[in-house]
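All remarks here apply to the structure that follows.
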Amino acid sequence: QVQLVESGGGSVQTGGSLRLSCAASGAASGYTVRRGCMGWFRQAPGKEREGVATIDSVGTTNYADSVKGRFTISKDNADNILYLQMNSLKPEDTGMYYCAARFSNLCVAFAGMGVWGKGTLVTISS
C-alpha cells in the first residue's frame, strides 16, 4: 500500500527554476521508493499526458527529449521522497505534474505505472 502526494508547483517566469517533491507514504512506501520504478509525468492544457522522467532502483534515469539537460529526477531513499528539479523553464513546460510508481526494480520507458498522485500545477509565464 502506497500513497503519493506531490508538492512544489507554482507560477514562475521563463528561464526560472522549480523543484517538485513527491512524498510516498503507507506500508509499501519504503519499498516503492527504494526498490521500485518512479517517475514524473505531465499534462499540458489540451494535450495528452506524457512521461517526463523516470528513475529505477539503482538510480538509472530516463528523460523525455523535451526536458533533457534541463530537468533532473532524484530520490531520497531515507525519507521516501521523489524529486524533480526543473531549470531553464519554458512556457511549454506548463501543465499538471504527476508522480507515479510501478512495483518493479526496473523502469520500462514510461509504461506500467500503477500508482499515481493527484498532481501539482506548474505554470510558466513570460
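- Using a 4.5 Å heavy-atom cutoff, the side chains of Leu20 and Met86 are in contact.
- Proximity of Val122 to Leu18: side-chain heavy atoms (C-beta onward) are separated by under 4.5 Å at one or more points.
- For Tyr83, there are no ring pair (Phe, Tyr, Trp, His ring centres under 6.0 Å) partners two or more places apart in sequence or in a different chain.
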Taking only distance into account, with no hydrogens and no angle test, what donor-acceptor pairs under 3.5 Å do side-chain atoms of residues 45-58 form with protein atoms, sequence neighbours excluded?
unit_1: Glu50; atom_1: OE2; unit_2: Arg42; atom_2: NE; d: 2.8
unit_1: Glu50; atom_1: OE2; unit_2: Arg42; atom_2: NH2; d: 3.4
unit_1: Asp56; atom_1: OD1; unit_2: Val58; atom_2: N; d: 3.0
unit_1: Asp56; atom_1: OD1; unit_2: Gly59; atom_2: N; d: 3.1
unit_1: Asp56; atom_1: OD1; unit_2: Thr60; atom_2: N; d: 2.9
unit_1: Ser57; atom_1: OG; unit_2: Asn105; atom_2: O; d: 2.9

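- Listed by chain and residue number, Gln3 satisfy the side-chain hydrogen bond (donor to acceptor under 3.5 Å, both in side chains) test with Gln1 (two or more places apart in sequence, or in another chain).
- Thr120 places no side-chain N or O within donor-acceptor distance of the main-chain N or O of Ser7, the cut-off being under 3.5 Å.
- In terms of modelled atom types and a separation under 3.5 Å, the side chain of Arg102 and the main chain of Ala111 share a donor-acceptor contact.
- Here the straight-line distance linking atom CD of Gln13 with atom CD1 of Ile124 works out to 10.0 Å at 0.5 Å rounding.
- The closest donor-acceptor contact from the side chain of Arg34 to the backbone of Gly30 lies under 3.5 Å.
- Listed by chain and residue number, Asn87 satisfy the side-chain hydrogen bond (donor to acceptor under 3.5 Å, both in side chains) test with Gln85 (two or more places apart in sequence, or in another chain).
- Listed by first and then second residue, the ring-ring contact (aromatic ring centres under 6.0 Å, His included) pairs that reach into residues 88-117 are Phe41-Phe110, Phe41-Trp116, sequence neighbours excluded.
- Residues Cys107 and Met38 fail the side-chain proximity criterion, which asks for heavy atoms closer than 4.5 Å.
- No option in Asp79, Leu84, Ile81 other than Ile81 meets the side chain to side chain contact (heavy atoms under 4.5 Å, CB included) test with Ser21.
- Here the side chain of Thr14 pairs a donor or acceptor atom with the backbone of Ser125 at under 3.5 angstrom.
- Residues that satisfy the salt bridge (charged side-chain N to carboxylate O under 4.0 Å, His left out) test with Arg70, not counting sequence neighbours, are Asp93.
- With a 4.5 Å cut-off on side-chain heavy atoms, Leu106 and Val108 do not count as touching.
- Considering only heavy atoms from C-beta on, Leu82 stays 4.5 Å or farther from Val33 through its side chain.
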